Amino acid sequence: MPHPAPMKDIARQAGVGLATVDRVLHRRGGVSAATTRRVHQAIGELSRQTVEASLHGSRMVIDLVMEAPKRFSSAVRNALEDQLPMHQPVALRVRSHLCETATGEEIAAILARIRKRGSNGILLKAPDHSGIREEIAACRRAHIPVITLVTDLPGSDRLAYVGMDNQAAGGTAAWLMAGWMPAPLYQGKAVLAVISSYRFLGEEEREIGFRAVLRERAPHLGVVSLGEGGGLDWLSHDLIRSALMAHPEIEAVYSIGGGNRAVARAFASCGRRPVIFVAHDLDHDNRALLQDRTLTAVLHHDLAADMHQACALFIQANRLRSAPVTARPSPAHIITPMNMPPFT
C-alpha cells in the first residue's frame with residue numbers, strides 16, 4: 001500500500017520494529033490485528049502531520065494518552081495536530097493512544113511503554129489511580145514531562161495542568177440553573193447531575209462547584225447525582241431512564257461527563273423534557289443538540305488555546321524555548337444556539 005513516510009518513521013510513530021512495518025505494508029501476515037491497526041494509525045498520523053517546514057529545526061514527539069469517548073478524544077487530537085505548524089521552527093509530531101474505556105492498570109501500562117520507547121512529553125487525560133501516579137513519577141525521572149488535560153492529578157509529578165477551571169465551570173452551570181428555575185415556581189424540584197465516572201477528579205470538581213453555587217443561589221432545588229455511564233450513549237441511557245423513573249421531581253440536567261443523546265432519549269422515553277439542559281464541550285454531537293434546541297447551553301473552553309499552551313510547555317520543558325510559559329486554567333464560555341461559533 002502507498003505510504004507517505006519512510007518505514008523507519010512509521011516504525012517510530014507506531015512504536016514497533018521495522019520488520020513489523022514491512023510485514024504490515026506487504027501483507028505478509030504474522031502480525032496481530034491490534035498491531036496492524038496501530039501501524040495504519042501511525043501512517044494516518046504521519047500523513048496528517050506532514051508539514052514542509054518540519055524538515056528543518058528541532059524535532060519533538062508528543063504522546064497523547066486519553067480515556068474518553070471518541071467524539072471528545074478525536075476533537076482533542078485534531079486541535080493538537082492543528083497547533084503543530086504554529087510552533088515552527090520546532091517540528092512537533094503526535095502519537096495518539098486513545099481509548100473509550102480502560103482500567104488504571106491499562107493506562108499505566110501505556111505510559112510505561114511510552115517511557116521505555118522515549119518521548120518529549122505526554123499529554124494525559126486519565127483517572128486518578130495509584131499505578132498512573134507511579135508511572136508519572138517514573139516518567140519524570142526519565143525526563144519525560146507529563147501534562148494532565150481536562151482532569152488533573154494534583155499532588156502527582158505532572159509538569160502542569162491544561163484545561164478548564166472545573167469548579168468554576170460547575171458553578172457557572174449552577175448559576176444558569178438558578179436563573180432558569182426560580183422559587184417558588186420550582187420549589188422541591190431537582191437537577192440531574194450526570195457524571196461519566198467518579199474516577200476522574202475533574203468531573204468531581206465540577207460537581208463540587210455546581211453543588212456549592214446551587215446551595216447558595218437556589219436552595220429550593222435538589223440534586224440527584226448519577227455516575228459511571230462513561231459518557232457513552234449505549235451505557236448511559238438505561239441508567240438515566242431508571243433515575244428519571246425513580247425521581248419524578250427531576251426537571252433539569254447538568255451533564256458533566258457527556259452522553260447527551262442518551263440523556264435526551266431517556267427523557268423522551270419517559271414522556272418528559274428538561275426545563276434546562278446544560279452540557280460541556282462544543283463537539284459534533286452537542287452542536288447538533290444545540291441547533292435543535294435539545295441543549296439549552298454548552299460550557300465550552302477553547303481547545304485550540306489549551307493545545308497551544310500544552311505545546312509551548314513541552315517545548316519549554318525540552319529547553320527549546322527561553323521565554324517563560326505559565327500554565328493557566330481556561331475559562332468556561334457559555335454557548336447557546338444564539339452565539340454558536342462556526343465549525344472549523
Side-chain angles (χ1 to χ4, degrees), residues 1-52 54-55 59-85 91-127 129 131-132 135 138-139 142 144 146 149 230-235 258 283-285 307 314:
M1 63 176 288
H3 51 90
M7 285 204 302
K8 66 178 182 179
D9 288 349
I10 298 171
R12 183 175 186 232
Q13 185 78 5
V16 299
L18 281 171
T20 300
V21 174
D22 183 73
R23 289 192 194 98
V24 172
L25 293 179
H26 296 95
R27 301 180 181 178
R28 293 198 176 103
V31 182
S32 71
T35 301
T36 300
R37 285 194 299 271
R38 182 65 193 129
V39 170
H40 289 313
Q41 180 182 342
I43 292 170
E45 290 169 349
L46 288 170
S47 179
R48 288 192 303 272
Q49 297 167 21
T50 297
V51 179
E52 192 66 30
S54 69
L55 298 174
R59 298 190 178 196
M60 287 178 52
V61 175
I62 297 172
D63 286 275
L64 175 64
V65 181
M66 293 185 69
E67 181 192 348
K70 184 177 179 180
R71 61 180 178 271
F72 183 62
S73 60
S74 296
V76 171
R77 183 191 63 195
N78 293 338
L80 180 56
E81 290 180 346
D82 286 346
Q83 283 297 313
L84 304 186
L92 299 174
R93 179 171 290 170
V94 178
R95 293 186 298 218
S96 300
H97 316 263
L98 312 176
C99 48
E100 290 202 312
T101 59
T103 65
E105 289 81 4
E106 288 169 339
I107 295 175
I110 292 171
L111 296 177
R113 288 196 297 271
I114 294 169
R115 173 171 53 82
K116 293 171 184 175
R117 180 196 310 163
S119 177
N120 296 106
I122 299 172
L123 187 57
L124 175 66
K125 180 189 180 294
H129 183 273
I132 293 173
E135 267 307 318
C139 286
I144 299 174
V146 177
L149 171 69
L232 303 171
D233 289 347
W234 63 270
L235 191 56
D283 57 28
H284 182 271
D285 281 3
M307 296 304 102
F314 282 132

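No experiment lies behind these values; they were computed from the predicted model shown. Positions are given from 1, in the same order as the sequence printed here.
- Residue-environment remark: CZ (R38) exceeds the threshold of 12 foreign heavy atoms within 6.0 Å.
- Checked by atom type and distance alone, the side chain of N120 pairs as donor or acceptor with a backbone atom of V61 at under 3.5 Å.
- A distance of 7.5 Å separates CD in E106 from OG1 in T101, rounded to the nearest 0.5 Å.
- When all heavy atoms of I107 and A102 are compared, the pair lying nearest together is CG1-CB, 3.9 Å.
- In this structure, Q13 and R93 approach most closely via the heavy-atom pair OE1-CD, 2.9 Å.
- Contact check for M307 versus L149: side-chain heavy atoms found under the 4.5 Å cut-off.
- Of the possible donor and acceptor atoms, one in the side chain of H129 sits under 3.5 Å from a partner among the backbone N and O of G131.
- Shown here for R115 and C139, the closest heavy-atom pair between the two residues is CD-N, 3.8 Å.
- Looking at R95 and R12, their side chains come closer than 4.5 Å, going by heavy atoms from C-beta outward.
- How far CD1 of I132 is from OG1 of T103: 8.5 Å, rounded to the nearest 0.5 Å.
- One finds the CZ atom of R77 at 13.5 Å from the CG atom of L123 (value rounded to the nearest 0.5 Å).
- Note that CG of L124 is 11.0 Å distant from NE2 of H97, once rounded to the nearest 0.5 Å.
- No side-chain heavy atom of V39 sits less than 4.5 Å from a side-chain heavy atom of V31.
- Rounded to the nearest 0.5 angstrom, D63 CG and R113 CZ are separated by 11.0 Å.
- In this structure, the separation between NZ on K125 and CD on E67 is 6.5 Å, given to the nearest 0.5 Å.
- Taking both residues in full, the closest heavy atoms of D283 and R71 are given as OD2-CD, 3.4 Å, listed atom of the first, atom of the second, then distance.
- Summarising the geometry of I122 relative to F314, their closest heavy-atom pair is O-CZ, 3.4 Å, with the distance given to 0.1 Å.
- A side-chain contact (heavy atoms from CB on, under 4.5 Å) with V21 is found for one member of D9, V16, I43 and no other, namely V16.
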